[in-house]
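If you read the sequence from its start, that first residue is 1, and numbering goes on from there. Quick caveat, the model's predicted, so the values are computed rather than measured.
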Amino acid sequence: MKEKYDGLIDMEFAARGNHSYAKKTWRKGNSWISFRIPTTGEVPYYFLITTGGGYVAGETYREQIKVEDNAHAILTTQSPTYIYVCPHQEVTHQENDLQLGKNAVLEFYQDEVIPYKGSYFRQQTTVNMKKGAKLILTDGLSAGWSPDQKPFQYGTIGLKTTVNYDGQLVYNDHMLVDPETDPMQEIGYFEGKQNFNSVVIIDENITQKTVEELRNYIDKVETDVHYGISLLEKDGLVFRLLSESSFENHKLMWDFISYYREKILNYPALDLRKSEHLERERA
């Protein structure tokens with residue numbers, strides 16, 4: 001009998017005084033968790049890893065992360081999520097379930113999805129946050145990979161993210177594209193670009209003034225990336241980016257995130273220790 005999940009990660013973080021620690025790091029199947037990365041002082045930081053470098057047709061993966069009251073955790077994927085060809089249109093699935101307690105902080109830096117020609121993928125990210133919690137969540141989608149190097153040769157891709165804060169829905173985004181029928185190069189889609197990324201920040205202290213401060217800072221950065229910053233109806237903002245280069249997107253994203261972390265939250269600088277050489281070569 002086939003297991004329900006081809007890869008499963010279950011992590012829990014707790015606070016002890018001024019320190020946070022991982023009280024549970026459990027994995028199964030094709031999903032792995034790195035050792036703690038010693039770059040963030042008192043904040044536990046881990047890579048989430050998939051063996052084989054990507055997802056095979058019809059597989060299902062799940063990540064469930066719980067950050068208890070007053071705890072702080074940093075997680076990132078090791079590399080982009082590659083979705084391999086689905087020869088019989090089997091849909092590959094990823095489920096993310098994030099739970100944040102009161103005054104908890106989760107920084108979850110997901111790389112973009114890179115679908116192969118003929119692949120199908122659905123991702124569902126559900127976040128439930130209690131009062132005072134903060135979230136930084138990244139995601140993205142590229143034009144994909146195909147042997148002839150033509151863009152958008154994949155099937156239907158859906159990336160859905162739902163965030164509830166203090167019992168109320170504050171963010172509900174569903175990016176659903178089908179290159180066979182959608183005009184991927186037109187306005188409202190990829191607009192002639194190859195790479196889309198987003199940063200969602202949920203923080204009840206964010207206001208229009210925060211957005212203007214971030215926009216003033218980012219507007220001074222020299223870049224060819226097309227971007228926009230929007231205030232949510234309450235408790236957060238979203239930063240969206242489009243360009244020809246995932247490397248350029250990542251650079252601008254990190255400028256944005258670093259300013260928010262260091263200038264607004266007064267957090268120390270963070271080095272994710274992730275190699276960007278492959279994206280730099282493509283840029």
Side-chain angles (χ1 to χ4, degrees), residues 47-50 53-55 76-85 94 107-119 121 123 136-155 157-159 161 173 175-179 182-201 214-230 237-261 269-283:
F47 284 114
L48 307 185
I49 303 165
T50 302
Y55 295 171
T76 185
T77 50
Q78 187 183 38
S79 62
T81 301
Y82 294 93
I83 312 300
Y84 299 134
V85 62
Q94 169 77 45
E107 304 178 49
F108 193 9
Y109 300 114
Q110 298 179 113
D111 289 294
E112 61 275 356
V113 175
I114 300 181
Y116 276 45
K117 179 179 180 178
S119 63
F121 181 63
Q123 177 177 281
I136 305 175
L137 177 67
T138 67
D139 208 347
L141 177 65
S142 83
W145 182 90
S146 65
D148 59 10
Q149 299 187 356
K150 292 181 179 179
F152 306 113
Q153 298 295 298
Y154 45 79
I157 304 291
L159 307 177
T161 302
D173 183 75
M175 183 179 187
L176 182 64
V177 297
D178 181 357
D182 292 337
M184 299 299 291
Q185 302 289 4
E186 294 186 7
I187 293 176
Y189 290 89
F190 275 65
E191 302 179 11
K193 307 301 181 183
Q194 301 285 312
N195 295 277
F196 167 81
N197 291 89
S198 68
V199 182
V200 176
I201 298 178
L214 284 160
R215 185 178 290 127
N216 289 337
Y217 170 71
I218 291 297
D219 283 349
K220 296 174 184 176
V221 178
E222 186 174 344
T223 181
D224 292 327
V225 176
H226 294 189
Y227 62 86
I229 308 172
S230 302
L237 60 81
V238 58
F239 180 45
R240 294 186 173 94
L241 310 91
L242 273 173
S243 80
E244 293 292 339
S245 165
S246 60
F247 176 65
E248 293 301 323
N249 277 9
H250 290 180
K251 284 201 305 181
L252 193 62
M253 283 171 59
W254 200 245
D255 282 342
F256 180 87
I257 291 167
S258 295
Y259 187 95
Y260 169 73
R261 294 182 81 260
L270 174 63
D271 179 5
L272 291 179
R273 290 191 174 185
K274 296 178 69 170
S275 174
E276 298 275 3
H277 71 277
L278 293 177
E279 284 102 339
R280 189 178 293 110
E281 289 173 1
R282 291 200 300 264

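Here the shortest heavy-atom pairing between E112 and N197 reads OE1-ND2, 3.2 Å. Residue S245 comes nearest to S243 through the heavy atom pair O-OG, 2.8 Å, listed as atom of the first residue, atom of the second, then distance. Shortest non-hydrogen contact noted between R261 and A269 is NH1-C, 4.3 Å. Between D111 and Q78, the shortest heavy-atom distance links the atoms OD2-C, 4.1 Å.
At least one side-chain heavy atom of L252 sits less than 4.5 Å from a side-chain heavy atom of V221. A 4.5 Å side-chain heavy-atom check between Y260 and Y217 finds every atom pair outside the cut-off. No side-chain heavy atom of T223 sits less than 4.5 Å from a side-chain heavy atom of K251. I201 places a side-chain heavy atom less than 4.5 Å from the side chain of F256. Two residues are said to be in side-chain contact when any heavy atoms from C-beta on lie closer than 4.5 Å; I257 and F239 fail this criterion. Within the 4.5 Å cutoff, side-chain heavy atoms of L237 are placed close to those of L214. Put simply, the side chain of V200 does not reach to within 4.5 Å of the side chain of T161, judged on heavy atoms. Looking at heavy atoms from C-beta onward, L242 lies in side-chain contact with E191 at the 4.5 angstrom threshold.
Within the 3.5 Å criterion, the main-chain N or O of G192 finds a donor-acceptor partner in the side chain of Q185.
Rounded to the nearest 0.5 Å, atoms CG (D224) and CD (E248) are 7.0 Å apart. Here CD1 of I49 is found 9.0 Å from OG of S79. Values are rounded to the nearest 0.5 Å. Distance CZ/F47 to OG1/T76: 6.5 Å, rounded to 0.5 Å. Atoms OH and CG, on Y154 and D178 in that order, are 10.0 Å from each other to the nearest 0.5 Å. With rounding to the nearest 0.5 Å, the separation of CG in D182 from CD1 in I157 is 11.5 Å. Atoms NZ and CG, on K193 and L241 in that order, are 12.5 Å from each other to the nearest 0.5 Å.
For the ring-ring contact (aromatic ring centres under 6.0 Å, His included) test, residues two or more places apart in sequence or in another chain that qualify with F152 are F190. For the ring-ring contact (aromatic ring centres under 6.0 Å, His included) test, residues two or more places apart in sequence or in another chain that qualify with Y84 are Y116.
At a cut-off of 3.5 Å, with distance as the only test, a side-chain donor of Y227 or D219 sits close to an acceptor on the other residue. No side-chain donor-acceptor contact under 3.5 Å links N195 and N249.
For CG of N216, the number of neighbouring non-hydrogen atoms (other residues, nucleotides, ligands) closer than 6.0 Å is greater than 12.
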Could you list the donor-acceptor pairs under 3.5 angstrom formed by side chains in residues 138-149, with sequence neighbours left out?
residue : atom : partner : partner atom : Å
T138    : OG1  : Q110    : N            : 2.8
T138    : OG1  : Q110    : O            : 2.9
D139    : OD2  : Q123    : NE2          : 2.8
S142    : OG   : G144    : N            : 3.0
S146    : OG   : D148    : OD1          : 2.7
S146    : OG   : Q149    : N            : 3.4
S146    : OG   : K150    : N            : 3.2
S146    : OG   : K150    : O            : 2.9
D148    : OD1  : K150    : N            : 3.0

